[in-house]
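Sequential numbering from 1 along the given sequence is applied to the chain's residues. Predicted model only: the values in this text are computed from it and were never measured. When reading the values below, keep in mind they use all heavy atoms of this one structure, side chains included, and skip hydrogens, waters and symmetry mates.
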Amino acid sequence: VEYGKAPDRVRRKRRNAEQYIMDVKRAEVGDIVVMKKPHPCGGNLWEVVRTGADVKIQCLKCGRVVMLDLLTFGKSLKKVVRDDG
C-alpha cells in the first residue's frame, strides 16, 4: 500500500463541485429543504430565502438566517421536501 493513497476496496467515488452545484439548482426560493445536520435549536427544516452566489436559508423553528456558499450548501443538502411551484 502506497502512503497517501487508499486501497482500491476503500476508495470512494468523489463528487466534484459541479455535481454539488447541480443539487443546489434543484432548490429555488421558497422551497423547504432538509440539511444533513440539524440546527442547534432542534429544527431540521429550512426555507430557501435567496439564491445566487450564496444561498440564504432560514430555520423554520427558530427563525435564524444562515448564508452558505453554493458548494457548502450543495454538500449539506439532504433533500428538497416541498417546492412552492
Side-chain angles (χ1 to χ4, degrees):
V1 177
E2 294 180 40
Y3 288 103
K5 291 193 175 187
D8 290 333
R9 66 181 186 278
V10 178
R11 191 170 300 170
R12 298 178 184 162
K13 183 179 178 184
R14 293 186 180 179
R15 300 180 72 189
N16 61 17
E18 292 175 3
Q19 291 170 325
Y20 286 114
I21 292 173
M22 289 305 294
D23 287 343
V24 173
K25 294 190 180 193
R26 292 185 300 143
E28 298 176 357
V29 175
D31 291 352
I32 307 299
V33 297
V34 176
M35 305 303 275
K36 288 183 180 174
K37 291 186 176 182
H39 192 244
C41 73
N44 65 344
L45 293 177
W46 299 81
E47 180 181 0
V48 179
V49 178
R50 185 179 78 88
T51 59
D54 296 325
V55 178
K56 186 184 281 189
I57 57 177
Q58 183 174 14
C59 179
L60 293 179
K61 185 173 181 182
C62 69
R64 174 72 68 171
V65 176
V66 177
M67 281 189 81
L68 302 169
D69 61 287
L70 286 176
L71 187 59
T72 305
F73 179 77
K75 287 182 177 182
S76 302
L77 181 65
K78 191 171 186 180
K79 64 180 175 178
V80 177
V81 176
R82 184 184 70 205
D83 41 353
D84 292 328

Which heavy atom in [X] sits nearest to a heavy atom in [Y], and how many Å separate them?
{"X": "Val33", "Y": "Ala27", "result": "CG1-CB, 4.2 Å"}
{"X": "Ile57", "Y": "Met35", "result": "CD1-CE, 4.2 Å"}
{"X": "Leu70", "Y": "Ala53", "result": "CG-O, 3.5 Å"}

Distance, nearest 0.5 Å, that separates [atom1] of [X] from [atom2] of [Y]:
{"X": "Leu68", "Y": "Trp46", "atom1": "CG", "atom2": "CH2", "answer": "8.0 Å"}
{"X": "Asp54", "Y": "Leu71", "atom1": "CG", "atom2": "CG", "answer": "11.5 Å"}
{"X": "Ser76", "Y": "Lys37", "atom1": "OG", "atom2": "NZ", "answer": "8.0 Å"}
{"X": "Arg50", "Y": "Met67", "atom1": "CZ", "atom2": "CE", "answer": "4.0 Å"}

Does Val80 belong to the same Ile/Leu/Val/Met/Phe/Trp/Tyr cluster as Val66, with side-chain heavy atoms less than 4.5 Å apart forming each link? yes
Would you say Val49 ends up clustered with Leu45 if hydrophobic residues are merged whenever their side chains have heavy atoms under 4.5 Å apart, either directly or through other cluster members? no
Are any side-chain N or O atoms of [X] and backbone N or O atoms of [Y], one a donor and one an acceptor, separated by less than 3.5 Å?
{"X": "Lys56", "Y": "Thr51", "value": "no"}
{"X": "Glu47", "Y": "Gln58", "value": "no"}
{"X": "Lys61", "Y": "Cys41", "value": "yes"}

